[in-house]
Amino acid sequence: AGFPTGDLRLWRAEVRPAQPGGASVIAVGLFNLSDAPMPIDRPVAELGFGQPGDSGAVKLFDVWSSQSLGRTARVKLTIPPHGCVLLEQR
């Protein structure tokens, strides 16, 4: 990540499709190592979504809550203490 992370840890992976011709999916895990809730309000590019240097909106999906976050240029959420969030760019 291109910002001080403190108690935030970020994991990013490109998940390749099982079937030939399918699209790859970018997955980003955000881990809160602190004892307090952690508000996140960052551009999607800072968290590893989109193309390098791209500040445009991407379509995001919260894997564990099974909720679409829609098209957004920023990730705005709160990670519970010692919690994590797994997002996919679809």
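Both backbone and side-chain heavy atoms feed into the values below; hydrogens, waters and symmetry mates do not.
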Can you find a heavy atom in the side chain of Val44 that is under 4.5 Å from one in the side chain of Arg74? no
Using only atom types and a distance under 3.5 Å, with no angle test, would you say the side chain of Arg9 pairs donor to acceptor with the backbone of Phe31? no
Side chains of Phe49 and Leu87: does their closest heavy-atom pair fall under 4.5 Å? yes
CZ of Arg71 to CG of Leu60, rounded to nearest 0.5 Å, is 9.0 Å
Test of understanding: clusters of I, L, V, M, F, W, Y form through side-chain heavy atoms closer than 4.5 Å, transitively. Do Phe61 and Ile40 belong to the same one? no
Can you give me the closest heavy-atom contact between Trp11 and Leu86, atom names plus distance? CZ3-CD1, 4.0 Å
Leu8 and side-chain contact (heavy atoms from CB on, under 4.5 Å): which partner among Leu33, Leu30, Asn32? Leu30
Any chance you could measure Leu47, atom CG, to Gln89, atom CD, to the nearest 0.5 Å? 11.5 Å
Below 3.5 Å, can you tabulate the donor-acceptor pairs from side chains in residues 76-83 to any protein atom, sequence neighbours excluded?
unit_1 : atom_1 : unit_2 : atom_2 : d
His82  : NE2    : Ser34  : O      : 3.4
His82  : NE2    : Asp35  : OD1    : 2.6

Find the distance between CD (Glu88) and OG (Ser68) and round it off to the nearest 0.5 Å. 11.5 Å
What's the shortest heavy-atom distance between Cys84 and Trp64, and which atoms? SG-CZ3, 3.3 Å
